[in-house]
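First comes the structure, then the notes that go with it.
Chain letters run A, B, ... following the sequence lines, proteins first and then strands; every chain starts at 1.
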There are 2 protein chains.
Amino acid sequence: MKIEVLVKDDNREIQNSIISKIRDLINLKNLEPGEKLPSERMLSEKFEVSRSNIREAIQKLEFYGLLKSIPQSGTFVANIGIIALNGMIEDILRLKSPDFKSLVETRILLELKTVRLAALRRTEEDLKQMKATLEAYREKVRNGQDAVQEDLLFHLAIAKASGNSTMNTFMLKITPEIITNFAKYHVCDKNQAVLGIQEHTDIYNAIRAQDPSLAKQMMKQHFKELYKYCYSV
Amino acid sequence: MKIEVLVKDDNREIQNSIISKIRDLINLKNLEPGEKLPSERMLSEKFEVSRSNIREAIQKLEFYGLLKSIPQSGTFVANIGIIALNGMIEDILRLKSPDFKSLVETRILLELKTVRLAALRRTEEDLKQMKATLEAYREKVRNGQDAVQEDLLFHLAIAKASGNSTMNTFMLKITPEIITNFAKYHVCDKNQAVLGIQEHTDIYNAIRAQDPSLAKQMMKQHFKELYKYCYSV
DNA sequence: ACATTTTGTCTGGTTAACCAATTTGGACAC
DNA sequence: GTGTCCAAATTGGTTAACCAGACAAAATGT
């Protein structure tokens with residue numbers, strides 16, 4: 001356990017120092033947006049680190065949309081201006097890894113929106129998939145089995161039906177961490193599971209009936225316990 | 001331009017096929033959560049692709065919390081259960097790249113929340129940073145210069161002050177794409193910039209006064225035009 | 001029989017060499 | 001002077017070989 005953390009932190013430190021150096025380089029050389037960064041080889045030599053490390057750092061900055069790597073051509077600075085670039089890199093360097101509370105808080109926010117959008121935009125195909133996950137959930141609970149996974153898949157189906165790919169991506173990103181933490185802190189119990197069947201069904205029916213505000217209300221009800229838990233920690 | 005798209009699609013296709021194969025492998029071998037995946041070398045040999053491709057695919061699944069690579073040990077299946085795993089991989093494979101509308105929609109949702117949280121939780125340090133970005137914005141607009149970057153940095157400062165690292169990460173992720181698209185579609189003009197000074201100041205004051213609902217209201221006002229634009233496309 | 005050390009075989013991480021595609025710069029024909 | 005074309009240099013991507021650390025089983029000493 002200790003080792004894992006150490007290694008991660010090490011990587012993070014190296015990466016962050018490389019990112020800082022890249023930022024300094026851009027500032028020093030006054031690289032305008034769209035201009036080409038020195039080649040990966042050049043950078044690895046200049047910073048005295050391996051090219052893999054350079055690539056990792058570039059990939060991270062590419063993830064946040066600050067750089068753009070094009071094969072057989074070079075790595076380019078995004079077209080967002082030098083000031084925004086500096087500000088964002090600063091933020092990225094200082095970014096903390098998310099805590100449980102922030103995850104739950106964000107999940108609730110996202111889901112109250114996706115359920116509303118799903119009610120407005122769901123297709124017949126979406127309904128079919130949601131119904132399938134709902135049935136799977138019901139079956140598991142009826143047999144007294146743990147149904148956290150099915151619960152989760154139902155919520156992901158809603159995110160998909162919302163038709164908003166950004167929110168869908170975000171939900172996919174935070175869901176496993178939520179699950180893991182739920183299991184760790186024993187948030188769910190049997191009572192909630194049985195109660196969950198009715199709540200899920202209510203949400204599903206509201207989405208099918210294309211009633212966004214009812215859907216949102218049902219989701220809010222569904223989150224009632226979680227909400228209290230989140231704000232009591 | 002054409003080449004860039006092609007390359008990206010190629011990579012995506014290879015990656016997705018590898019992810020599918022990994023999923024099949026997990027299902028076929030009935031790998032329980034926490035169990036070890038075959039080594040990267042083994043996988044690259046079995047699937048007849050390079051180890052780099054395997055690593056990329058693993059990194060993607062690691063990003064979504066489905067796998068966990070530990071140095072000098074192996075790659076492990078996350079502890080979320082086989083059903084959730086299959087469902088999530090399915091979703092990841094079918095995930096579309098986000099469109100502009102979904103970005104704006106998500107941004108508005110996030111910011112209406114972060115501004116509220118910022119009003120509740122902001123520290124003096126947060127206020128200082130927000131004031132700095134606000135001044136920079138005001139100065140640029142006063143000189144008739146383009147101030148999109150400063151605008152953005154003010155909003156990022158709010159996200160930071162919200163104290164929610166998950167939302168902060170998400171804001172960082174979507175902001176550059178928003179900016180790029182704004183520039184492309186010429187969403188902002190001079191009038192909005194001048195109007196923006198007052199609106200930003202109002203938001204800042206509400207956060208300083210720790211008035212969450214006023215802060216949210218001011219942000220809503222700030223997004224009025226954007227909102228209309230978003231839902232008219 | 002037990003505890004300790006050794007040793008052999010994993011792992012993911014790192015590196016350097018190689019590849020195909022692209023860009024570039026100048027030689028050369030007009 | 002101008003346009004065209006080809007070879008050389010440069011690019012990010014790919015590969016294969018190597019590394020230090022982790023782990024487990026076997027060997028060894030008590």
Side-chain angles (χ1 to χ4, degrees), chain A residues 1-19 21-22 25-26 29 31 34-63 65-78, chain B residues 1-19 21-22 25-26 29 31-32 34-78:
Chain A
M1 183 67 81
K2 200 175 176 185
I3 296 140
E4 177 188 340
V5 173
L6 282 176
V7 170
K8 267 230 150 181
D9 279 2
D10 263 11
N11 274 347
R12 199 192 146 96
E13 267 180 37
I14 292 174
Q15 233 186 46
N16 277 355
S17 84
I18 292 177
I19 290 177
K21 284 173 186 167
I22 290 178
L25 189 71
I26 293 174
K29 293 211 172 178
L31 288 184
E35 271 195 87
K36 197 159 63 174
L37 230 59
S39 76
E40 296 179 354
R41 286 177 185 80
M42 206 98 87
L43 290 175
S44 79
E45 196 178 327
K46 195 179 181 81
F47 299 159
E48 292 179 344
V49 292
S50 80
R51 210 178 126 209
S52 307
N53 285 22
I54 297 282
R55 295 193 95 215
E56 266 179 52
I58 288 178
Q59 275 168 26
K60 184 162 186 179
L61 292 178
E62 203 175 353
F63 171 77
L66 301 182
L67 296 180
K68 174 82 195 154
S69 261
I70 297 180
Q72 285 85 42
S73 174
T75 301
F76 298 85
V77 181
Chain B
M1 183 66 81
K2 199 176 177 185
I3 296 140
E4 176 189 339
V5 172
L6 281 176
V7 170
K8 267 230 151 181
D9 279 2
D10 263 11
N11 275 346
R12 197 193 149 95
E13 266 181 38
I14 292 174
Q15 232 185 45
N16 276 355
S17 85
I18 293 177
I19 290 176
K21 284 173 185 167
I22 290 178
L25 190 71
I26 293 175
K29 295 209 172 178
L31 288 184
E32 289 301 308
E35 270 197 87
K36 197 158 63 173
L37 229 59
S39 74
E40 296 178 353
R41 287 178 184 80
M42 207 97 88
L43 289 176
S44 79
E45 195 178 328
K46 197 179 180 75
F47 299 160
E48 292 179 343
V49 294
S50 80
R51 208 177 130 206
S52 306
N53 288 119
I54 297 283
R55 296 194 88 213
E56 269 179 50
I58 288 178
Q59 276 168 23
K60 184 162 185 178
L61 292 178
E62 203 175 354
F63 171 77
Y64 284 109
L66 301 183
L67 297 179
K68 174 81 193 153
S69 264
I70 296 180
Q72 286 85 44
S73 175
T75 302
F76 299 85
V77 181

Identify each atom pair where a protein N or O and an N or O of nucleotides 5-10 of chain D are less than 3.5 Å apart, giving names and distance.
none

Taking atom [atom2] of [N] as reference, at what distance in whole Å does atom [atom1] of [X] sit?
X: Phe76(B); N: dC10(C); atom1: CZ; atom2: P; answer: 15 Å
X: Arg51(A); N: dA16(D); atom1: CZ; atom2: P; answer: 16 Å
X: Ile70(A); N: dA21(C); atom1: CD1; atom2: C1'; answer: 13 Å
X: Ile58(A); N: dT11(D); atom1: CD1; atom2: P; answer: 12 Å
X: Asn53(A); N: dG13(C); atom1: CG; atom2: P; answer: 11 Å
X: Ile14(A); N: dG12(C); atom1: CD1; atom2: C1'; answer: 15 Å
X: Gln15(A); N: dG13(C); atom1: CD; atom2: P; answer: 12 Å
X: Met42(B); N: dT9(C); atom1: CE; atom2: P; answer: 15 Å

Starting at [atom1] of [X], measure out to [atom2] of [Y] and round the result to the nearest 0.5 Å.
X: Ile54(A); Y: Met42(A); atom1: CD1; atom2: CE; value: 12.0 Å
X: Lys46(B); Y: Lys21(B); atom1: NZ; atom2: NZ; value: 11.0 Å
X: Leu37(A); Y: Leu67(A); atom1: CG; atom2: CG; value: 6.0 Å
X: Arg51(A); Y: Glu40(A); atom1: CZ; atom2: CD; value: 4.5 Å

In terms of side-chain heavy atoms of Pro71(A), which of dG13(D), dG13(C), dT11(D) is nearest? dG13(D)
Could I get the full list of salt bridge (charged side-chain N to carboxylate O under 4.0 Å, His left out) partners for Arg41(B), not counting sequence neighbours? none
Can you tell me whether the side chain of Arg41(B) and the base of dG12(C) have a donor-acceptor pair closer than 3.5 Å? yes
Please report the C-alpha distance between Leu25(B) and Leu43(B) in whole Å, then the side-chain angles of each, then the deciding distance to 0.1 Å, and finally whether the side chain to side chain contact (heavy atoms under 4.5 Å, CB included) criterion is met. CA-CA 10 Å; Leu25(B) 190 71; Leu43(B) 289 176; 3.6 Å; yes
Does dT11(C) have OP1 or OP2 under 4.0 Å away from a side-chain N or O of Thr75(B)? no
Could you tell me if the side chain of Ile19(B) sits less than 4.5 Å from the side chain of Ile22(B), heavy atoms only? no
Over all strands shown, is Ser73(A) touching base, sugar-phosphate only, or nothing at heavy-atom distances under 4.0 angstrom? sugar-phosphate
